[in-house]
Amino acid sequence: MTRPRQPAEPFRIKSVEPIKLLDRAAREEKIVEAHYNIFKIDAADIYIDLLTDSGTAAMSNRQWAALMMGDESYAGARSFRRFEEVVKGIFHKQFVIPCHQGRSAENMMFSTVVKPGQYVLNNTHFDTTRGNTQHKGGIAVDLPCPEVDAPVPLPFKGDMDTERLEKFIKEHGTDSIAMVIMTVTSNSVGGQPVSMKNIKKVSAICKKHNLPFFFDCARFAENCFFIRRDEPGYAEKSIREIAGEMFDACDGVMMSAKKDGLANIGGFIALNDEELYQKLTNLMILIEGFPTYGGLAGRDMEVLAVGLLEVMDLDYLSHRVDQVHYFGEVLKEAGMPIVEPTGGHAVFVDAGQFLPHIPPEQFPGQSLTVAFYVEGGIRIVEIGSLMFGGKDPVTGEKMTAPRELVRMALPRRVYTNSHLDYIGETAARIAAGKEMLRGYKISYQSPFLRHFTCKMEAIPEENVEVNS
Ligand SMILES: *Cc1c(COP(=O)(O)O)cnc(C)c1O
């Protein structure tokens, strides 16, 4: 397969942050000290960090300039008015509530609208959305489309299953459902986009049954780009027009602005229902801050007001999506099986398929994660049986992950294609010696979200010389 032409960056570099590659002996020492858990390694000891695309974006010259314009007044700051105007313009909603990040928006929303025992329906809940729903006594139900795990590259694998949605409403009744949420792009299924057709269909179903329809729209601009590129009838529309059409279909949004806000912190709720707005702001004053800053500094709101507009730039977005695609091709060329199509923010490698000699109970994704650090100083994250397996903390049942994946998330505007080529070379070296990679076992774990803090040990393998 020929490599696609490298998408050249639509920006030049004005400020640089040095990064350092420790030598191999030091990397081996660090990973042992961390008990093979990459969450315990200091960022200073990482060369290329693909742990997340959240809050890791590089700001533009315009954002840095806007930061100096921050009005830090407690009430009615100029910075809030600017932020509010931008959000109203893009999301087409009357009321804007700033929050310090996405999960605080979720906390306030679910505290206000979810009654214990009620369902919240989603194409697929993101972890914090699921956690906040459950924390308020709600039941989080995922309704991904049937094609979501199809081994063929389809354009809108993030869609919601509308047949199941209608069936669910019929079976459980509207009173038992607190709200319907569309996550764009669908983070937990690999950043796969949702089509406008699906959004409108879900919207119509919600209207018919008088159910509130909200978006969890951390990556709205990336989703709009996929609609423009892959859905008939949108090629001539601007990202802003597509966003407007998308958000006209809903009652409100919750956004973690640490992704497509191109900012390092921030989030918000935007909605039209005045009564709900009042309830949310009452709670907000108790837990987040006054309604015109909501846990953010004035400068943060200035940065967001610029970032939310910049992220809709077509040159930026096409480079972003092409870079993720290019990265996927680089890894495939190095011999790693990836999940296709690549979504908007990360490439997922199928570690189970890549390392068939390591069974799921010995965490092949963990083995690959350690290999990328030791071989190249690169931090990636396991999304398999280490993250999702173990005992269910509530039911005590043994859980397994459907697939043993690792995620390589790309921070926005941070790494160049040379960095990606370096990762490709590292991947090729790992692939050449993959039979040497060993499984892991857990020596310590916590009852909740064990992957963040667990300690591990390599499983020694007899008759195999350890790669030095
Ligand atoms: C990141 C994310 C959140 C949570 O936002 P934070 O800013 O990390 O609290 C919620 N939903 C989706 C889809 C996300 O990607």
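Whatever order the structure lists ligands and atoms in, that order sets their numbers, starting from 1.
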Of all protein heavy atoms, the one nearest atom 11 (N) of ligand 1 is Asp216 OD2, 2.9 Å
Students should be able to answer this: which protein heavy-atom is nearest to atom 4 (C) of ligand 1, and at what distance? Thr128 OG1, 3.4 Å
Under 3.5 Å, N or O to N or O, is Gly102 touching ligand 1 that way? yes
Which of these, Arg403, Glu404, Gln366, sits in a side-chain hydrogen bond (donor to acceptor under 3.5 Å, both in side chains) with Ser385? Glu404
For atom 10 (C) of ligand 1, closest protein heavy-atom neighbour: Glu106 OE2, 3.1 Å
Please list all pairs passing the salt bridge (charged side-chain N to carboxylate O under 4.0 Å, His left out) test where one or both residues lie in residues 54-68, with sequence neighbours left out. Arg62-Glu310
Give the atom numbers and elements of ligand 1 that come within less than 4.0 Å of a heavy atom of Thr183. 13 (C)
Can you tell me the protein heavy atom closest to atom 8 (O) of ligand 1 and the distance? Arg103 NH2, 2.9 Å
What side-chain donor-acceptor pairs closer than 3.5 Å can you find for residues 144-156, not counting sequence neighbours?
none

Test side-chain hydrogen bond (donor to acceptor under 3.5 Å, both in side chains) applied to Glu222 and Lys259, Arg412, His345, the passing residue: Arg412
Minimum heavy-atom distance Ile205-Glu166, with the two atoms named: CD1-CG, 3.5 Å
Which of the listed options, His125, Arg130, Arg219, holds the heavy atom that is closest to atom 15 (O) of ligand 1? Arg219
Quick one: which ligand 1 atoms are inside 4.0 Å of a heavy atom on Lys258? 7 (O)
Taking distance alone, with no angle check, do Asn187 and ligand 1 share an N/O pair under 3.5 Å? yes
Are Phe215 and Phe91 an aromatic pair, judged by ring center distance below 6.0 Å? no
Which residue and non-hydrogen atom of the protein lie closest to atom 1 (C) of ligand 1, and at what distance in Å? Lys259 NZ, 1.3 Å
Who's the nearest protein heavy-atom neighbour of atom 7 (O) of ligand 1, and how far? Ser256 OG, 2.7 Å
Counting only heavy atoms from other residues, nucleotides and ligands, does the tally under 6.0 Å from CD of Glu163 exceed 12? no
Under 6.0 Å between ring centres, would you say that holds for Tyr293 and Phe80? no
